[in-house]
Amino acid sequence: MYQDHSARPLLIAIFGMALLCSMDAVVKGMPAGTPTLQIVCLRFLATGALLGIWLAIARPGWPRRATLGIHALRAVTMVLAATTFFYALARIPLAELFVISLTSPLFIALFGALFLREGFRARIALAIAVGFGGVLVVAAGDLGRGGGLAIDPWALGAAILSPITYGASIVLLRVQSTQERPEVIVFTQSLLAGFMTAPIVGFDFVPLDLNLAVRFAAVGLLGASGYICFARALSMTTAGRFSVIEYTSLIWATLFGYAFFNEIPRPAVWLGAVLIIGACVMVMRDKAATPAKA
């Protein structure tokens, strides 16, 4: 696979991360009571609709029938990652959730090693253990507040599951990004994800007013733009190297959390972040010592 060792793919990915974090901030600001699965469904349908208009105008091509299987597989991982993340997003401060999400580079590297033959060593397993230690530090930081855990256990479980499924989706995107145009990939998988969740959403649909409709349009636009940047970056570099940009999500989440929700991260959050980032650095050093295989 082609690799660009310059800073260009990482800069594209960082811009994509900023767009996706701003999308998450919009989602977090949704009115209370908006069902999580409805947010997931309309987020993907809005992204698919916007990209469908773009594809109809620019005509860069349409998805090939032979690739629909992997499109559907990645759509499933996208639904799982988005549903668990958005569920946790409504119940956990933005920066704290993103600290837990920083475990995703570990899984990107792990799945890249297992499925893309980018090299695997015991260091990765150790790094995953250290990273989860950081997650436990974030969770344990709430102990003693009223004699229990302030974070909803279900939300914490969702926050831990989200980076695992997200890591799988990024590795699948890496596989596809050298085979089809980014717009085509994101368009196809967004529509599939939206259609997968639509039948369930129909049973508990909250009608949209103008405010909600505008919010979902913004979510679709930001999500489409962010994932196009990701697909473009992944077409030029390895999954392991790409995973470095996940660190920047904490910066954006802290800024947006403070600016829009008056959230100030606790000391335990920063300590957990140090452990998680340290674990990810272990993975990056291992990748540097183990050349990727085509």
Side-chain angles (χ1 to χ4, degrees), residues 9 11-31 34-63 71 74-75 77-79 81-83 85-86 89-90 94 97-98 101 162 166 169-170 173 176-177 180-198 201 205-235 245-246 248-249 251-253 255-257 259-261:
L11 291 175
I12 293 173
I14 288 171
F15 181 63
M17 179 60 72
L19 292 172
L20 291 177
C21 287
S22 61
M23 178 196 73
D24 294 333
V26 174
V27 170
K28 188 172 179 64
M30 292 280 184
T34 307
T36 299
L37 206 57
Q38 180 174 333
I39 295 174
V40 172
C41 178
L42 293 182
R43 171 254 191 274
F44 285 123
L45 289 180
T47 296
L50 290 170
L51 283 177
I53 295 172
W54 164 254
L55 293 179
I57 296 173
R59 298 186 178 181
W62 296 97
H71 279 307
R74 184 166 185 270
T77 64
M78 289 168 63
V79 168
T83 301
F85 185 85
F86 288 160
L89 187 63
L94 205 59
L97 177 58
F98 272 85
S101 297
S162 180
Y166 172 78
S169 75
I170 288 296
L173 182 59
Q176 294 182 277
S177 61
E180 289 186 296
R181 290 180 63 93
E183 305 94 319
V184 175
I185 294 171
V186 179
F187 163 75
T188 306
Q189 293 168 1
S190 295
L191 282 188
L192 287 173
F195 291 148
M196 286 176 185
T197 53
V201 172
F205 187 82
V206 174
L208 302 182
D209 56 19
L210 180 59
N211 176 49
L212 267 181
V214 170
R215 286 174 183 264
F216 278 115
V219 165
L221 179 60
L222 292 169
S225 303
Y227 272 112
I228 287 174
C229 289
F230 276 14
R232 177 62 177 164
L234 281 163
S235 70
I245 64 94
E246 294 292 328
T248 65
S249 65
I251 298 173
W252 301 117
L255 289 174
F256 294 147
F260 300 116
F261 307 106

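Just the heavy atoms: all of them, side chains too, but no hydrogens, waters or symmetry mates, feed the values below. Positions are given from 1, in the same order as the sequence printed here.
A cation-pi arrangement is not found for Arg43 relative to Phe85, the charged atom failing to lie both closer than 6.0 Å to the ring centre and inside a 45° cone about the ring normal.
For the atom pair CG of Leu20 and CG of Leu222, the computed distance is 8.0 Å after rounding to the nearest 0.5 Å. Atom OH of Tyr227 sits about 9.5 Å away from atom OG1 of Thr47, to the nearest 0.5 Å. Between the CD1 atom of Ile228 and the CZ atom of Phe15 there is a distance of 11.0 Å, given to the nearest 0.5 Å. Taking CG from Leu51 and OG from Ser225, the interatomic distance works out to 8.0 Å, rounded to the nearest 0.5 Å. Annotation: the span from Met78 atom CE to Phe44 atom CZ amounts to 4.0 Å, rounded to 0.5 Å.
Closest approach of Leu192 to Ala75, counting heavy atoms only: CB-CB, 3.8 Å. Contact detail for Gln38 and Val206: the closest heavy-atom pair is OE1-N, 2.7 Å. Scanning both residues, Ala233 and Ala13, for their nearest heavy atoms gives CB-CB, 3.8 Å. Of all the heavy atoms in Ser162 and Ala81, the pair that sits closest is OG-O, 3.2 Å. When all heavy atoms of Leu221 and Leu50 are compared, the closest pair comes out as N-CD1, 3.4 Å. Contact between Phe216 and Ala46 at its shortest, heavy atoms only, is O-CB, 3.6 Å.
In this structure the side chain of Leu42 reaches within 4.5 angstrom of the side chain of Phe205, judged on heavy atoms. Counting heavy atoms from C-beta on, the side chains of Val219 and Met30 come closer than 4.5 Å.
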Candidate pair Tyr166 and Ser101, rule side chain to side chain contact (heavy atoms under 4.5 Å, CB included), full reasoning: CA-CA 9 Å; Tyr166 172 78; Ser101 297; over 6 Å; no
Test side chain to side chain contact (heavy atoms under 4.5 Å, CB included) on Thr34 and Phe86 and set out the steps. CA-CA 11 Å; Thr34 307; Phe86 288 160; over 6 Å; no
Side chain to side chain contact (heavy atoms under 4.5 Å, CB included), that's the test. Do Ser22 and Trp252 meet it? Break it down for me. CA-CA 8 Å; Ser22 61; Trp252 301 117; over 6 Å; no
Start with the C-alpha gap between Thr197 and Thr83, add the side-chain angles, then the distance that decides, and say whether side chain to side chain contact (heavy atoms under 4.5 Å, CB included) holds. CA-CA 10 Å; Thr197 53; Thr83 301; 5.5 Å; no
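Under the salt bridge (Lys or Arg N to Asp or Glu O under 4.0 Å) criterion, the residue pairs touching residues 19-31 are Lys28-Glu263, with sequence neighbours excluded.
A donor-acceptor pair under 3.5 Å is formed between the side chain of Thr77 and the backbone N or O of Arg74. Between the Arg215 side chain and the Gly29 main chain, a donor and an acceptor come within less than 3.5 Å of each other.
By the neighbour-count criterion of 12 heavy atoms within 6.0 Å, atom CZ of Phe261 is densely surrounded, having more than that number from other residues, nucleotides or ligands.
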